[in-house]
Amino acid sequence: MKEFCVSDAPNAVSKKSDKPEQNAWSDTLRLPKTDFPMRAGLAQREPAWVQRWLDNDVYGELCRMRLAEKAPAYIVHLGPPYANGRMHMGHALTYTLKDFVVRSKFMAGFYSPYAPGWDCHGLPIEWKVEQDLRAEGKSKHDISKTELRARCRAYAQKWVDVQKADWQRFGALGDWDHPYLTMAPKNEAGIVRELGKLVQRGLVEKNLRSTQWSWAEETAMAEAEVEYKDVTSTAVYVALPIVGRENEHLVIWTTTPWTLPANRAVAVKVDEDYCSIEVAAAARNGSELSPQLGKKLWIAESLLEAFTNAVGIGGHVVTKQKGEQLVGWQYQHPLYNTVQPVVEGFHVTTDAGTGLVHIAPAHGAEDFVIGKQFGLPLECPVDGAGKYVAGTPSLPLTGEVIEGKLIWPMQKLILAELEQSGRLLSAKDFQHSYPVSWRSKEKLIFRTTEQWFVSLDKPIKGLIAEQPELEISLRDASLARIYGKDAKGHAARKVNWVPEYGMNRIGSMIENRPDWCISRQRAWGVPITIFMVKKTGVDGVENGLVTDPAVFEHVAKLIEAETIDAWDSRIEAGRVAELFPPNWLESRGLTVADVEPVTDILDVWFDSGTTHAHVLRAEGGEGQRFHRTDGKRPADLYQEGSDQHRGWFHSSLLTSVANYGDAPYENVVTSGFVVDGEGRKFSKSLGNGVEPHQLMDKYGMDIIRLWVASSDYSEDIRYSPQIMDSMADAYRRFRNTFRWLLGNLNGVADVDVDVASLPELERYMLHRLGTVLAEVRGHYDAYQFHKGYRALYEFCGTELSNFYFDVRKDVLYCDAASSATRKATVAVLVQVFRGLVTHLAPLMPFTTDEAWRERYGEDACVHKERFQTVPEVGVEESRWTGLFETRDAVNVELEKLRTAGGVGANSEASITLADAGVPAELLREVLGVSKVSFASGLSVAKHDGHKCPRCWRYYDTVEESGLCLRCDEAVTESNMTQGAA
RNA sequence: GGACCAAUAGCUCAGUUGGUUAGAGCACCGUGUUGAUAACGCGGGGGUCGUAAGUUCAAGUCUUACUUGGUCCA
């Protein structure tokens, strides 16, 4: 404990007394005295304070305290950051906000366990590792998958350690010794178990999907691997004869003629105007008359001019139709002797082309969707190496064979075929930006590939836990949790979305999303531990997939022991049998030849999307810290940026509803993004970005935390040097308030307030303090930290500094120790100190803890305290409203007198005003003047009496000592106390 | 191109169901103190509420369009 000066004696020794010109009476005053420095030095001192909290295991002790108290739980769950790169401002924002919640819940008496965590698998890391390999002159094929994963694991761990240090520096309270890592074997096993449940529920299916594909590397391309480059393509206009309409043609436009063999439909925009023109003039080859003369060509009216210019034909409009009239027409395939339909296309625009869109479901994302919508064939006629598959028909007129040939050289042959059939209107090379492989820089193509999906629309039982018999789709059950009921009226207890618009945002995403593709053809991720079985009628096999929980559990146990390598390494080594429990295959009459393990890995969103299970609901071990018995969902709060409506909030909701029939969270709070002073996002080109460590070095974390606290995070929050400077000013206000309080309470132990005997001013201040603090706790409960911050800041500034402290300086400095008013004031200041510091502790943990230790000793820690509450005091508010109006009016008059040179400080003034039932002494104190007397009307004047050299107030009479009566008695009492000691 | 969100003094924020001359704190200007002094007090100036229409007796507050910015998607 810190040593206190137990005596209540005035500061007998004051450095100021060395100054000869100093008023001798100063030594007899009780001036504030404290070692709490005016300058914080946060940037230098905070790191040591972080270490102190860790060394003292503040978090652990808090948990043990609350568990011992059987406190209710409040669980904040964290969306794991990706283990790559330093922490940026967005991290600083969201982890600070979460820390506000965790700390304020602990201080409100909750048990609030909080584990940091990291998202460790996935392409970005695998990719980085591949780059490192290339730097060593190797490729990923030169090393085993196991070794590749080992490198990925090491890479992720490196960044986990870096980020952990950054994160702790933010001042975040949490279980730093037990973070969760999605690459930890127990979590990897937990992820596999969640997949198993999904499979057992019948929600996992294999289906075709349109994938960006690099034919050069023969691999699927993830979004992040796609680059855009200027390349040359051939744009063609092709006329397709319409079935049953003599001489009429649909004109399509495409920049990928190699996809024409895969043409399965033409799409139109239903509300667009289309017209047909009769070709009256054509000059394709100079003088030569084109074979197009006299043909009737259909095209979107708004694109007619661009088309005729591009193709070089003239003609007049014959007929017009709405797009919807064209739907249902049939046309001749561009190359083959088949008939294809005209369908509605949701994606058709009139930006370019003809408004009649060539649909090759195998070769485009939107084409694929339309293909599915209208039941068109989806098979891909191009293989992984970019060659037309065997069985692709030869071109009928020219007889050219294209099967087994690379698509690119075949384009010329296809154009020649079209030329010969008279269907080619024009072909022109042009440059455009087009997706290419980041590695080979070759153009990417779309292919349909087989992938694994979570079905959003298959109705099954158990997706709404309260209604176990209800058959409902994952989509509808999720919507029921989002809105409280789905479109069909199925009710369910909803999630609380803060701000409320988050509900519509995630709702519309769930409503419109396709099935969730969970497979990736990669190495660094949790394997899709599914076995496909061709034989039917096998126990524990449904729809061709092994669903027996025993098998998934067996694999999970292996992964728990050996990491995800357990799966691949056995498959590669031909030891698939080991992936089954003993005798499992044999007892069913199966051999390893009958089962085919999937070698894809899971989408990394599945890892983080199941943390509610493998972190919060995990049985035993570290999962135990989150187990709750109050019947609530696993987490009280998920809080992340609004991008997570598509990300983590979304994936977590789907997996939790699917496997547990309920949302994983009670509340979802979203924040905006950190933007610059003009509201623009940080970008390298604008050069407007800033990193947390730069700010911590300049200002210190508590000031950054105040910036977060002062901002309404439901919108984007602005950063600028000007804003930070104003936060530094705000910080100084708080710090000085602490300092003054500490100075005045120095040497005084905490005392209880005796509400009954308080002076009216103290009753009022206690009432105000209690009101403000209760308000602040309410704001914290509603996650409205900026309102709590504001309430505290304005209370500090206006009611304490401007008013109460200013008024009570006289009593604190000058009154005798035995003065009842002084004792009452000190008692209230204790409440003020404890109230302010505890309520600010979640927002600025460093400085509040510093102040707390200054008062209560080095072993004290404000973060182990609860919010200080204040005794109820009945106060007549209107009386004080009137008093403050009087004060304002008097101040205006005093200012006039001051400007005229009549008075300096208010204490030089004497006031006359009407008696409004407020005692003259209270008025005098509140106004800060030396004398108040009652008469009609308001007047201010310089007090013409004697100035007490000790308290500087003016009096009509003085004592023999030259002091006022109050000071005379105070000095006498002080001398007696010292004499006795 | 689509969905969602935002736009109030230099800055950060308040402005209930539309209703008197739009508020606060900070910053700024002036000033007083020099016993919170790299601090504290007092006074003052400053927004017509992104733009434009509309509804209404009445709009920052409702509607529409647009502009700017943000997130997600295409």
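Chain A is the first sequence line, chain B the second, and so forth, proteins listed ahead of strands; every chain is numbered from 1.
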I'd like to check, for A:W952, whether its ring lies over the base of B:G35 with centroids under 5.5 Å apart and a plane angle smaller than 30°.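 The ring of A:W952 is stacked on B:G35.
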
Taking the nucleotide of RNA chain B with the closest heavy atom to each, which residue, A:D643 or A:S508, is nearer the 5' end?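 Between the two, 5'-proximity favours A:S508.
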
First of A:C814 and A:I717 reached from the 5' end of RNA chain B, by closest nucleotide: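 Checking each residue's closest nucleotide, the 5'-ward one belongs to A:I717.
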
Would you measure the distance from the [atom1] atom in [N] across to the matching atom in [M] and give it in whole Å?
N: B:U21; M: B:C40; atom1: C1'; result: 33 Å
N: B:A65; M: B:U71; atom1: C1'; result: 23 Å
N: B:U61; M: B:A22; atom1: P; result: 14 Å
N: B:A36; M: B:G41; atom1: P; result: 11 Å
N: B:C13; M: B:U17; atom1: C1'; result: 23 Å
N: B:A59; M: B:A52; atom1: C1'; result: 15 Å
N: B:G45; M: B:G60; atom1: P; result: 23 Å
N: B:C42; M: B:U67; atom1: C1'; result: 44 Å

Taking the six-membered ring for Trp and the single ring otherwise, decide whether the centroids of A:Y699 and A:Y731 are under 6.0 Å apart.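 No, the ring of A:Y699 stays outside the 6.0 Å limit from the ring of A:Y731, centre to centre.
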
Just say parallel, tilted or perpendicular for the rings of A:F682 and A:Y719, cut-offs at 30° and 60°.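 A:F682 vs A:Y719 ring planes: perpendicular.
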
If you go through the side-chain atoms of A:R739, does one of them form a donor-acceptor pair with the base of B:A36 closer than 3.5 Å?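 Under the 3.5 Å cut-off, the side chain and the base do not form any donor-acceptor pair.
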
Under 3.5 Å, is there an N or O donor on one side and an acceptor on the other linking the side chain of A:R505 and the base of B:U71?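 Counting by modelled atom types and ignoring angles, a donor-acceptor contact under 3.5 Å is found here.
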
Phosphate-side-chain proximity, [X] and [N], N/O vs OP1/OP2 below 4.0 Å:
X: A:N802; N: B:C42; answer: yes
X: A:Y813; N: B:A36; answer: yes
X: A:H786; N: B:A14; answer: yes
X: A:R718; N: B:G69; answer: no

Can you list the stems that include RNA chain B, where a stem is three or more consecutive Watson-Crick or G-U pairs with distances under 3.5 Å?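 So far as stems of 3 or more pairs are concerned, RNA chain B shows B:1-7 with B:67-73, B:10-13 with B:23-26, B:28-32 with B:40-44, B:50-54 with B:62-66.
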
Shortest non-hydrogen contact between A:R513 and A:H650, atoms and distance: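 Minimum heavy-atom separation between A:R513 and A:H650: NH1-NE2, 2.9 Å.
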
At 4.0 Å (heavy atoms only), tell me whether A:A905 reaches a base, stays on the sugar-phosphate, or touches nothing.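 Sugar-phosphate contact only - A:A905 comes under 4.0 Å of backbone atoms but never of a base.
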
With a non-hydrogen cut-off below 4.0 angstrom, is A:S801 in contact with a base, only sugar-phosphate, or nothing?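 Counting heavy atoms under 4.0 Å across all strands, the contact made by A:S801 includes a base.
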
Counting heavy atoms from C-beta on, name the nucleotide in [options] closest to the side chain of [X].
X: A:R646; options: B:C72, B:G10, B:A14; value: B:C72
X: A:R790; options: B:G41, B:A24, B:G43; value: B:A24
X: A:K681; options: B:U71, B:G35, B:G69; value: B:U71
X: A:P32; options: B:G43, B:C13, B:A36; value: B:A36

Tell me which donor-acceptor pairs under 3.5 Å the side chains of residues 784-791 of chain A have, and how far apart each pair is, sequence neighbours excluded?
from, atom 1, to, atom 2, distance (Å)
A:Q784, OE1, A:K787, NZ, 3.4
A:R790, NH1, A:E794, OE2, 3.0

Those residues of residues 668-676 of chain A lying under 4.0 Å from RNA chain B by at least one heavy atom: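 Output list: A:F673.
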
Apply the test side chain to side chain contact (heavy atoms under 4.5 Å, CB included) to residues A:L97 and A:V669: give CA-CA distance (whole Å), side-chain angles for both, the deciding distance (0.1 Å), then the verdict. CA-CA 10 Å; A:L97 284 173; A:V669 173; over 6 Å; no

Can you spot which of A:R887, A:R808, A:K931 makes a salt bridge (Lys or Arg N to Asp or Glu O under 4.0 Å) with A:E925?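 Passing option: A:R808.
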
Show your working on side-chain hydrogen bond (donor to acceptor under 3.5 Å, both in side chains) between A:T94 and A:Q639 and close with a plain yes or no. CA-CA 7 Å; A:T94 189; A:Q639 184 277 317; 3.0 Å; yes

Charged N-O contact under 4.0 Å between A:D806 and A:K809: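 Salt bridge: yes.
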
Give a yes or no on whether a salt bridge exists between A:D810 and A:R966, defined as a side-chain N under 4.0 angstrom from a carboxylate O.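 Result for this pair is yes, salt bridge flagged.
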
